[in-house]
There are 4 protein chains.
Amino acid sequence: MTEKSRRKPRQARAQATVEAILEATFQLLEESGLTKLTTNRIAERAGVSIGTLYQYFSDREAILFALSQRQSDNVRKKITELVLENPETSAVRAIIRALMNGPTGSHQTRLILSDALFRSGGSDVMSRQHFAFLDSVSGQLSFDFPHGREAAFILTHTVVQLLRAAAAEPELDLNPEVLEDELVHLLESYIENLTSRFAPAKS
Amino acid sequence: MTEKSRRKPRQARAQATVEAILEATFQLLEESGLTKLTTNRIAERAGVSIGTLYQYFSDREAILFALSQRQSDNVRKKITELVLENPETSAVRAIIRALMNGPTGSHQTRLILSDALFRSGGSDVMSRQHFAFLDSVSGQLSFDFPHGREAAFILTHTVVQLLRAAAAEPELDLNPEVLEDELVHLLESYIENLTSRFAPAKS
Amino acid sequence: MTEKSRRKPRQARAQATVEAILEATFQLLEESGLTKLTTNRIAERAGVSIGTLYQYFSDREAILFALSQRQSDNVRKKITELVLENPETSAVRAIIRALMNGPTGSHQTRLILSDALFRSGGSDVMSRQHFAFLDSVSGQLSFDFPHGREAAFILTHTVVQLLRAAAAEPELDLNPEVLEDELVHLLESYIENLTSRFAPAKS
Amino acid sequence: MTEKSRRKPRQARAQATVEAILEATFQLLEESGLTKLTTNRIAERAGVSIGTLYQYFSDREAILFALSQRQSDNVRKKITELVLENPETSAVRAIIRALMNGPTGSHQTRLILSDALFRSGGSDVMSRQHFAFLDSVSGQLSFDFPHGREAAFILTHTVVQLLRAAAAEPELDLNPEVLEDELVHLLESYIENLTSRFAPAKS
DNA sequence: GATGAATGAGAGTTCATTCAT
DNA sequence: CATGAATGAACTCTCATTCAT
């Protein structure tokens, strides 16, 4: 759970090795899913020996974890990007858009990586996203409210979990733009509800 | 996806065997989680031979699936029950309460079973809950709205997915009653939002 | 090895059961080969319970054996038939023709049944064919010769084994009529050779 | 048919491992036959782990196939050897002698390996022997004849198949030298017959 | 640092056969 | 006679991981 990576790759060659391993993992996930993903196959695809792989990652889970962190970093970058580019767009929409478009890969792959993130860093990492989200939204709330932990949980998890569910059920064939709209409505009406309950009209 | 159950138990003895297998599976899940759950252990705990187990279930997944369907049936029963007992309670709250209290077992177990349901019956079974939920809520909507598929998806999946997430992160230690309240707020404010958008005041 | 069948079916119904089992076995062999042939599947296809199956056959091998005996009986019948119908045809050709056209079923099935006959009755049953063949041919030889056992072995086994090989290599796509001709040449030239060695010209 | 060997052994150690596996397989075949031959037993006898075995052979069949190829190579070597050593001996006799004495192991083992060769490489490998045989004999024929494919089939398969049958029926207790003689007669009289039909006297 | 041969516990699964009903 | 639920030894095969080279 705690210390996952073994050797911190300082040299360029090592960095490239790590890169190759993660890229190979991603490709294999896309091609044949989690059950076919074995450390040996990853090493082979990455063009390194299985021994080398284990010099950079303590176990299979660590690889998935690293890859999922990457996706998650992408999302964060995307959020910042979007907010800077379209200052007029609401923060909520920016975040939702980032969550929808940030991660690359098929639905299945996203799902797998999101679960890996879940498993390994429940507290560590997920909370980073958690709080990043909260920070972004907090501008709109600008007050403290009771039930804070549960409400915060809802604010931070609703979109991620619904996108996960949508990814898991591709046969529903939901329209991304419409879904984005509805998610914005869902969150914004909840925020409004929170506001009306805990920060009654100042007028 | 394919054909999951093998032999249809005609004799009473066979029915009891299936029962024993599912009960054993549940116990083992509670005790030691998914990774320790092997077909041999299940058979042993159930007091049947491994061969017998394979006469009724095509593989390990099929057992999990059957068990999860059971849980899901329980939830549906609970919903009906609650609605009948407390007609005054809003349908939304009744359903949320059922989803929270219906399934027995630890958080982990619920999570595992919910995932099994997801995997195997994504469309088949999950949608039953989906539409059961919709039916219950539809009284409150009493109108058709565009964006129906996406909105319906949100209505039916939000609570389940958030409870799943909460189960996966027990360290957040959310207060169930407060969470229930907030989920009700979340959904009800979204329903209100839908109403205001698509069924403007008749006056 | 010795006593294979359990209950001798005297009643018509029992006879029909045995029939059904053998027919089912044949069908399954044709459809999916030996490895997929299980006693349970045979019983199912025959429309009897597995218990019933075991009342008529001591084990799986016994079923194959009975079926192969049937094929072998067919061949014998065919030989008699052909000899009676075409008295002008040489005995050798008649036998070869019977061996080629007697057994029904695909190449693979013939192969399997021929092997079953081999295994179970190496001495018992195969020799029946063996001696039947010899008897038919002996008219042409009409003398005793040394090396009798080895020569007889060759006379009785060559055609069967070559047809077996031809069945096992369908990709050679041999022409049946030409093959028949060549087999006749093969055997007849050998018989002539035997004659010239051991029964020098009477003139 | 598909891809049989997995890892190509690059290091000397690996080569030795493959060797040990094949040797172990041969020993076990000799000792207890095909039905008792399991991959686990092979690995144990070879002194390697079951995992190692599966790094070099995709399944049990692949091991049998490799072993049978070895036998087949031995035979070819033996043929060359015999022809070189005894140029006076007819090619036919040399080949028959090689087929009888080339392969080591009991009758049963030979039978099993010959069947394995049949199954897996029906066309690929068997034909190598096929054509090797033909080449050797062709000196004696020195002409083209119609019915080539069927006659060639007979020339190349008769001896192998009869020896197979003889191996399968040890209770016949045929005398090897006499059998060799008779096989020579069988083939040579057929060759003569072919000659007289297709290359009539040049006079 | 890199390699890749070796490991081996243990997973899922099959199927001929028995025997209580 | 027929049934079919139950058996369980035995099998094949996988894969994360180690460690001598």
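Here is the naming used below: chain letters follow the sequence lines, and residue numbers restart at 1 for every chain. None of these values were measured; they are calculated from a predicted model.
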K.L.:
For A:T25, which of A:I63, A:L113, A:T109 qualifies under side-chain contact (heavy atoms from CB on, under 4.5 Å)?
P.N.:
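When side-chain contact (heavy atoms from CB on, under 4.5 Å) is applied between A:T25 and each of A:I63, A:L113, A:T109, only A:I63 qualifies.
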K.L.:
With a cut-off of less than 4.0 Å, is there a side-chain N or O of D:T17 near OP1 or OP2 of E:dA6?
P.N.:
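So the side-chain polar atoms of D:T17 do come within 4.0 Å of the phosphate oxygens OP1 or OP2 of E:dA6, strictly under.
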K.L.:
Please write out each protein N/O paired with an N/O of nucleotides 7-10 of chain E under 3.5 Å, distance rounded to 0.1 Å.
P.N.:
| residue | atom | partner | partner atom | Å |
| --- | --- | --- | --- | --- |
| E:dT7 | OP2 | D:S49 | N | 2.9 |
| E:dT7 | OP2 | D:S49 | OG | 3.4 |
| E:dT7 | OP2 | D:T52 | OG1 | 2.8 |
| E:dG8 | N7 | D:S49 | OG | 3.4 |
| E:dG8 | N7 | D:G51 | N | 3.2 |

K.L.:
Please tabulate, for the side chains in residues 32-41 of chain D, all donor-acceptor contacts under 3.5 angstrom to protein atoms that are two or more places apart in sequence or on a different chain.
P.N.:
| residue | atom | partner | partner atom | Å |
| --- | --- | --- | --- | --- |
| D:S32 | OG | D:L28 | O | 3.4 |
| D:T38 | OG1 | D:R41 | N | 3.1 |
| D:R41 | NE | D:K36 | O | 2.8 |

K.L.:
Within this structure, what is the CD-to-C1' distance between C:E44 and E:dC15, rounded to whole angstrom?
P.N.:
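Answer to the nearest Å: 14 Å.
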K.L.:
side-chain contact (heavy atoms from CB on, under 4.5 Å), that's the test. Do A:T52 and A:I21 meet it? Break it down for me.
P.N.:
CA-CA 10 Å; A:T52 301; A:I21 291 169; 5.6 Å; no
K.L.:
Is it true that atom CD of A:Q27 has more than 12 heavy atoms of other residues, nucleotides or ligands lying nearer than 6.0 Å?
P.N.:
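Correct, the count exceeds 12.
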K.L.:
Have a look at C:T35 and say if it touches a base, only the backbone sugar-phosphate, or nothing, with a 4.0 Å heavy-atom cut-off.
P.N.:
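Sugar-phosphate, backbone atoms only, no base.
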K.L.:
Starting at CZ of D:F57 and ending at P of F:dT14, how long is that distance when rounded to a whole Å?
P.N.:
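Whole-Å distance recorded here is 15 Å.
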K.L.:
So, is C:Y56 close to the F:dA2 phosphate, meaning a side-chain N or O under 4.0 Å from OP1 or OP2?
P.N.:
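Yes.
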K.L.:
So which heavy atom on D:A66 is nearest to which on D:F57, and how close?
P.N.:
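Smallest interatomic distance, heavy atoms only, reads CB-CE2, 3.8 Å.
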K.L.:
Rounded to the nearest angstrom, tell me the gap between atom CZ in A:R60 and atom P in F:dT14.
P.N.:
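Distance check: A:R60 CZ to F:dT14 P gives 16 Å.
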K.L.:
Could you check A:E23, A:E31, A:E30 and say which one makes a salt bridge (charged side-chain N to carboxylate O under 4.0 Å, His left out) with A:R45?
P.N.:
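Testing A:R45 for a salt bridge (charged side-chain N to carboxylate O under 4.0 Å, His left out) against A:E23, A:E31, A:E30 leaves exactly one candidate, A:E31.
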K.L.:
For the residue pair D:A116 and D:L64, what are the closest heavy atoms and their distance?
P.N.:
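Looking at all heavy atoms of both residues, the closest pair is CB-CB, 3.9 Å.
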K.L.:
Where is the tightest heavy-atom contact between D:S58 and D:Y54, given as atom of each residue plus distance?
P.N.:
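So the two residues come closest at O-CE2, 3.6 Å.
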K.L.:
What is the separation between atom CD1 on D:I21 and atom C1' on E:dA5, rounded to the nearest whole Å?
P.N.:
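Interatomic distance, CD1 of D:I21 to C1' of E:dA5: 11 Å.
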K.L.:
With a cut-off of less than 4.0 Å, is there a side-chain N or O of D:Y54 near OP1 or OP2 of F:dT14?
P.N.:
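For D:Y54, the contact criterion (side-chain N or O under 4.0 Å from OP1 or OP2 of F:dT14) is not met.
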K.L.:
Calculate the interatomic distance between C:D59 atom CG and E:dT18 atom P; express it in whole Å.
P.N.:
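That distance rounds to 9 Å.
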K.L.:
Rounding to an integer number of angstrom, what distance separates F:dT21 and E:dG1 when you compare their C1' atoms?
P.N.:
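The same atom, C1', in both gives a distance of 13 Å.
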K.L.:
Expressed in angstrom and rounded to an integer, what is the separation of C:L34 atom CG from E:dA16 atom C1'?
P.N.:
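For the pair C:L34 CG and E:dA16 C1', the rounded distance is 14 Å.
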K.L.:
Identify, between B:L37 and C:L37, the residue whose nearest nucleotide on DNA chain E lies closer to the 5' end.
P.N.:
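The residue mapped nearer the 5' terminus is B:L37.
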K.L.:
Please report, rounded to the nearest Å, how far the P atom of E:dA16 is from the CG atom of C:L64.
P.N.:
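In whole Å, E:dA16 P and C:L64 CG are 10 Å from each other.
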K.L.:
Please name the pair of heavy atoms, one in C:A20 and one in C:A46, separated by the smallest distance, quoted to 0.1 Å.
P.N.:
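Between these two residues, the closest heavy atoms are O-CB, 3.6 Å.
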K.L.:
Pairs counted as Watson-Crick or G-U wobble with both distances under 3.5 Å: what dot-bracket string results for DNA chain F, using | for bases tied to another strand?
P.N.:
.||||||||||||||||||||
K.L.:
Rounded to whole angstroms, how far apart are CD1 on B:I42 and C1' on E:dG12?
P.N.:
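Rounded to the whole Å, the gap is 11 Å.
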K.L.:
Please evaluate residues B:F26 and B:L22 with respect to the criterion side-chain contact (heavy atoms from CB on, under 4.5 Å), reporting the C-alpha separation (whole Å), side-chain torsions for both, the decisive distance (0.1 Å), and the verdict.
P.N.:
CA-CA 6 Å; B:F26 183 76; B:L22 291 178; over 6 Å; no
K.L.:
Does the side chain of C:T39 get closer than 4.0 angstrom to OP1 or OP2 of E:dC15 through an N or O atom?
P.N.:
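No, outside the criterion.
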